[in-house]
Amino acid sequence: MALTKADFAEELYDELGLNKREAKEMIELFFEEIKDSLAKGGQVKLSGFGKFELRDKSSRPGRNPKTGEEIPITARRVVTFRSGQKLKARVETYAGTE
Amino acid sequence: MPPLFYFIFAGYNVTKSELIEALAKHQPHLPLKDVELAVKCIIEKMNQALSSGERIEIRGFGSFSLHMRPPRVGRNPKTGESVKLAKKYVPHFKPGKELRDRVDQSSGQYQIID
């Protein structure tokens with residue numbers, strides 16, 4: 001099961017004692033602020049977690065993998081995430097489920 | 001030559017402390033200290049989830065998951081010696097549809113800030 005906004009709100013309620021409405025609002029605003037900044041060309045760096053960066057991609061030839069038909073991929077702006085050292089190190093030691 | 005209006009609508013890069021200030025402005029009823037703790041708590045929860053292999057799915061924003069990198073033979077760049085590297089996991093972010101669309105549509109109006 002994946003973690004959702006509701007789980008984060010629950011965490012703020014349990015850990016910080018924000019009331020349920022405040023906790024929910026905080027989570028909404030947190031992700032909304034990051035989106036707003038990215039939608040205005042600003043990149044977002046959260047120390048201890050990672051950095052959301054923007055990249056302008058030029059158009060390139062593409063192909064429909066099913067039909068083999070050639071379709072140009074239009075120029076676009078994309079978001080990329082680079083995890084910080086701390087997160088990378090913590091995740092690397094995860095043993096996996098196998 | 002990019003159109004001049006690129007430079008009129010300038011966004012801004014954001015760090016954790018600036019994000020905390022922005023959130024505090026939206027929630028004037030909360031002490032700044034609480035907003036600061038909340039942001040730290042959210043980030044710690046995301047770190048914890050990912051480092052225990054759990055996915056995170058935020059509607060409209062995106063999802064975080066782990067990608068496996070298979071074991072490989074690497075090389076010590078100094079000595080040229082081969083080294084066996086075990087498989088490892090790396091964090092991966094896939095932007096959600098709303099974020100993808102908003103960012104893509106903004107490219108004509110806003111320049112990416114370095």
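Just so we're clear, the structure is a prediction, and the values are computed from it rather than from any experiment. Naming convention: chains lettered A, B, ... in sequence-line order (proteins, then strands); numbering from 1 in each chain.
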- Can you name the side chain to side chain contact (heavy atoms under 4.5 Å, CB included) partners of A/Thr4, sequence neighbours left out?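 Only A/Ala6, A/Asp7 meet the side chain to side chain contact (heavy atoms under 4.5 Å, CB included) criterion with A/Thr4.
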Where on [X] is there a heavy atom nearer than 4.5 Å to chain A: the side chain, the backbone, both, or neither?
{"X": "B/Leu19", "value": "side chain"}
{"X": "B/Val103", "value": "both"}
{"X": "B/Gln48", "value": "both"}
{"X": "B/Glu54", "value": "side chain"}
{"X": "B/Pro91", "value": "both"}

- Query: Can any side-chain N or O of A/Lys5 pair as donor or acceptor with the backbone N or O of B/Ile58 at less than 3.5 Å?
  - Reply: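 Such a contact is absent between A/Lys5 side chain and B/Ile58 backbone.
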- Item | Side-chain donor or acceptor of B/Asp104 paired with backbone N/O of A/Arg77 under 3.5 Å |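 Flag set: sc B/Asp104 to bb A/Arg77 pair under 3.5 Å.
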Among [options], which residue forms the greatest number of heavy-atom pairs with chain B at distances under 4.5 Å?
{"options": "A/Glu15, A/Glu22, A/Lys57, A/Glu53", "result": "A/Glu22"}
{"options": "A/Leu38, A/Asp36, A/Val44, A/Leu87", "result": "A/Leu87"}
{"options": "A/Leu29, A/Ile27, A/Leu46, A/Thr80", "result": "A/Leu29"}
{"options": "A/Leu18, A/Thr93, A/Ile34, A/Val78", "result": "A/Ile34"}
{"options": "A/Arg76, A/Met1, A/Glu33", "result": "A/Glu33"}

Do you know which of [options] has the most heavy-atom pairs with chain A at a distance under 4.5 angstrom?
{"options": "B/Arg100, B/Lys94, B/Lys88", "answer": "B/Lys88"}
{"options": "B/Val35, B/Asn13, B/Ile112, B/Leu99", "answer": "B/Ile112"}
{"options": "B/Asp34, B/Val90, B/Leu66", "answer": "B/Leu66"}
{"options": "B/Arg102, B/Arg69, B/Gln105, B/Glu18", "answer": "B/Arg102"}
{"options": "B/Ser52, B/Ser51, B/Ser106", "answer": "B/Ser51"}

- Message: Taking 4.5 Å as the heavy-atom cut-off, does anything in residues 22-31 of chain B contact chain A, and if so which residues?
- Response: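 Expected list: B/Ala22, B/Leu23, B/His26, B/Gln27, B/His29, B/Leu30.
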- If you check every heavy atom in residues 71-82 of chain B against those of chain A, which residues fall under 4.5 Å?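 Against chain A, none of the residues of residues 71-82 of chain B fall inside the cut-off of heavy atoms under 4.5 Å.
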Using non-hydrogen atoms and a 4.5 Å limit, figure out which bit of [X] sits close to chain B: side chain, backbone, both or neither.
{"X": "A/Gln43", "value": "both"}
{"X": "A/Leu16", "value": "side chain"}
{"X": "A/Arg55", "value": "backbone"}
{"X": "A/Lys86", "value": "side chain"}
{"X": "A/Phe30", "value": "both"}

- Atom pair OG1 (B/Thr15) and NZ (A/Lys51), whose distance is rounded to the nearest 0.5 Å: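 Nearest 0.5 Å value for the OG1-NZ distance: 11.0 Å.
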- Query: How long is the span from the NZ atom in B/Lys40 to the OG atom in A/Ser47, to the nearest 0.5 Å?
  - Reply: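 Here the rounded value is 8.5 Å.
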- Message: Please determine whether a side-chain nitrogen of the Lys or Arg among B/Glu44 and A/Arg90 lies less than 4.0 Å from a carboxylate oxygen of the Asp or Glu.
- Response: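 A salt bridge is present here (some side-chain N lies under 4.0 Å from a carboxylate O).
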- Query: Does the pair A/Glu32/B/Arg59 count as a salt bridge with the N-to-O cut at 4.0 Å?
  - Reply: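 Looking at A/Glu32 and B/Arg59, the cut-off is not met.
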- Write out all pairs satisfying ring pair (Phe, Tyr, Trp, His ring centres under 6.0 Å) with one or both partners inside residues 33-78 of chain A, taking only residues at least two apart or from two chains.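 Every ring pair (Phe, Tyr, Trp, His ring centres under 6.0 Å) pair that includes a residue of residues 33-78 of chain A, provided the two are not neighbours, is A/Phe49-A/Phe81, A/Phe49-B/Phe64, A/Phe52-A/Phe81, A/Phe52-B/Phe61, A/Phe52-B/Phe93.
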- Message: In the structure I gave you, are the side-chain heavy atoms of B/Ile42 and A/Leu12 within less than 4.5 Å of one another anywhere?
- Response: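 Yes - at least one pair of side-chain heavy atoms lies under 4.5 Å apart.
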- Query: Does the side chain of A/Lys45 reach to within under 4.5 Å of the side chain of B/Lys16, using non-hydrogen atoms?
  - Reply: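 SC-SC contact between A/Lys45 and B/Lys16 ruled out.
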Would you name the heavy atoms of [X] and [Y] that are closest together and state the gap between them?
{"X": "B/Ala49", "Y": "A/Leu3", "answer": "CB-CD2, 3.7 Å"}
{"X": "A/Ser37", "Y": "B/Tyr12", "answer": "OG-O, 3.3 Å"}
{"X": "B/Ile43", "Y": "A/Gly48", "answer": "CG2-O, 4.2 Å"}

